[in-house]
Q: 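My structure is below; once you've seen it, I'll send some questions.
Lettering of chains follows the sequences in order, A, B, ..., and the numbering in each one begins at 1.
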Amino acid sequence: AQSVSQHNHHVILSEAASLELGCNYSYGGTVNLFWYVQYPGQHLQLLLKYFSGDPLVKGIKGFEAEFIKSKFSFNLRKPSVQWSDTAEYFCAVNSGGGADGLTFGKGTHLIIQP
Amino acid sequence: EAEVAQSPRYKITEKSQAVAFWCDPISGHATLYWYRQILGQGPELLVQFQDESVVDDSQLPKDRFSAERLKGVDSTLKIQPAELGDSAMYLCASSRDRAPSGANVLTFGAGSRLTVL
């Protein structure tokens, strides 16, 4: 079975700081990787995804993530955060065959202080 | 932008009562998912439908939970009887693809928040 581990449950940063949120997964086969974001009072939205190809993927709002297969990691990064990035961030994985639903991590609550 | 519709948004019930949640996926989406999200945790898959068939219900507590998608479009998730530990957000998601596919991008609804007293 797949599992996803997000190391930081709560992160507090100041505006303009750089961000990196860790995500590790456990699954021996081909995987698809996702980051979803949940802004306060809103539903889960897709931030970015990795299916294959270039391991560095770019998403919306200046976010990017790098798939490192040897480390089973898919860390989320942003060079300069804004107050509006305050949200809950979830890493998720499903198997490469696509038949499975997503397995989510527990989430990271990110607070950006102005 | 097409959305996944869910109702009700909020439901308060007493334990041992029955509750039902409804989901209307994006038109044309073959696969529908029900997730449960307990406060402070990530969503957990309860059941997955492809068209009208159940693909995965291994995490659905079948003694009290049931789900159906009779015509392969909208879906209902029922809990009977509700227990205190069922308090959570119930999320519906849909995706265009049918298994097996290269990748499955899920679009989520706003959720139904259940409080059991």
Side-chain angles (χ1 to χ4, degrees), chain A residues 1-10 21 23-25 27 29-53 57 59-60 67 74 76 87-110, chain B residues 1-7 9-10 23 25-26 29-51 53-60 67 88-113:
Chain A
Q2 305 153 3
S3 67
V4 178
S5 176
Q6 292 184 240
H7 315 298
N8 311 102
H9 296 300
H10 298 278
L21 300 182
C23 172
N24 287 92
Y25 65 93
Y27 183 71
T30 303
V31 293
N32 304 309
L33 295 156
F34 305 80
W35 277 95
Y36 277 81
V37 61
Q38 191 167 29
Y39 297 105
Q42 298 188 26
H43 59 277
L44 278 164
Q45 302 171 37
L46 181 67
L47 200 54
L48 49 77
K49 60 188 183 292
Y50 171 80
F51 296 154
S52 64
V57 293
I60 60 172
F67 170 51
F74 190 57
L76 181 71
E88 192 88 19
Y89 292 81
F90 295 94
C91 182
V93 61
N94 74 352
S95 64
D100 300 335
L102 294 179
T103 298
F104 283 85
K106 290 181 181 285
T108 297
H109 188 199
L110 175 65
Chain B
E1 185 177 335
E3 293 185 346
V4 175
Q6 290 190 246
S7 66
R9 288 295 308 276
Y10 304 94
C23 172
I26 293 173
H29 277 199
T31 308
L32 184 148
Y33 308 81
W34 283 100
Y35 281 83
R36 177 171 59 186
Q37 185 178 16
I38 295 170
L39 193 63
Q41 297 187 23
E44 296 176 303
L45 181 67
L46 291 174
V47 61
Q48 176 183 348
F49 290 91
Q50 183 172 296
D51 300 310
S53 301
V54 173
V55 173
D56 182 1
D57 64 355
S58 58
Q59 300 303 310
L60 188 71
M89 178 75 85
Y90 290 84
L91 298 168
C92 181
S94 68
S95 69
R96 182 192 61 201
D97 302 318
R98 289 183 172 83
S101 67
N104 226 357
V105 177
L106 276 63
T107 301
F108 283 84
S112 295
R113 182 169 294 283

Q: Can you give me the closest heavy-atom contact between B:Gly42 and A:Phe90, atom names plus distance?
A: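 Heavy atoms of B:Gly42 and A:Phe90 come nearest at CA-CE2, 3.5 Å.
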Q: Could you tell me which portion of A:Glu88 (side chain, backbone, both or neither) has an atom closer than 4.5 angstrom to a non-hydrogen atom of chain B?
A: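 Neither part.
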Q: Identify, with sequence neighbours excluded, every residue that meets side-chain hydrogen bond (donor to acceptor under 3.5 Å, both in side chains) alongside A:Gln42.
A: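 Applying side-chain hydrogen bond (donor to acceptor under 3.5 Å, both in side chains) to A:Gln42 gives A:Gln45.
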Q: Got a sec: does the CG of B:Leu39 have more than 12 other heavy atoms crowding it under 6.0 Å?
A: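 Not buried by this count: 12 neighbours or fewer within 6.0 Å.
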Q: Is a donor on one side and an acceptor on the other found under 3.5 Å between the side chain of B:Gln41 and the backbone of A:Lys106?
A: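 No.
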Q: Looking only at atom types and distance, does a side-chain atom of B:Tyr35 sit under 3.5 Å from a main-chain N or O of A:Leu102, one as donor and one as acceptor?
A: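 Indeed, once roles are kept as given, a pair shorter than 3.5 Å links the two residues.
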Q: Can you tell me which portion of B:Ile38 sits under 4.5 Å from chain A's heavy atoms? Options are side chain, backbone, both or neither.
A: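 Looking at B:Ile38, nothing touches chain A.
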Q: Starting at CG of A:Asn94, measure out to CG of B:Leu106 and round the result to the nearest 0.5 Å.
A: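 Answer for the CG-CG pair, A:Asn94 versus B:Leu106, is 8.0 Å.
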Q: Once you round to the nearest 0.5 Å, how far does NE2 of A:His43 lie from CD of B:Glu3?
A: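 With rounding to 0.5 Å, NE2 (A:His43) is 6.0 Å from CD (B:Glu3).
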Q: Where on A:Leu46 is there a heavy atom nearer than 4.5 Å to chain B: the side chain, the backbone, both, or neither?
A: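 Interface part for A:Leu46: side chain.
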Q: Taking the side chain as every heavy atom from C-beta outward, state whether A:Leu44 and B:Leu91 have any atom pair closer than 4.5 Å.
A: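 Touching, per the 4.5 Å side-chain cut-off.
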Q: Identify, with sequence neighbours excluded, every residue that meets salt bridge (charged side-chain N to carboxylate O under 4.0 Å, His left out) alongside B:Asp56.
A: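 Salt bridge (charged side-chain N to carboxylate O under 4.0 Å, His left out) list for B:Asp56, sorted by chain: empty.
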Q: Hey, is the main chain of B:Phe108 close enough, under 3.5 Å, to the side chain of A:Tyr36 for a donor-acceptor pair?
A: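 Pair absent, no side-chain N/O of A:Tyr36 close to backbone of B:Phe108.
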Q: Mind ranking B:Gln37, B:Met89, B:Glu44 by heavy-atom pairs under 4.5 Å with chain A and telling me who comes out on top?
A: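 Sorted descending by pairs with chain A, the first entry is B:Gln37.
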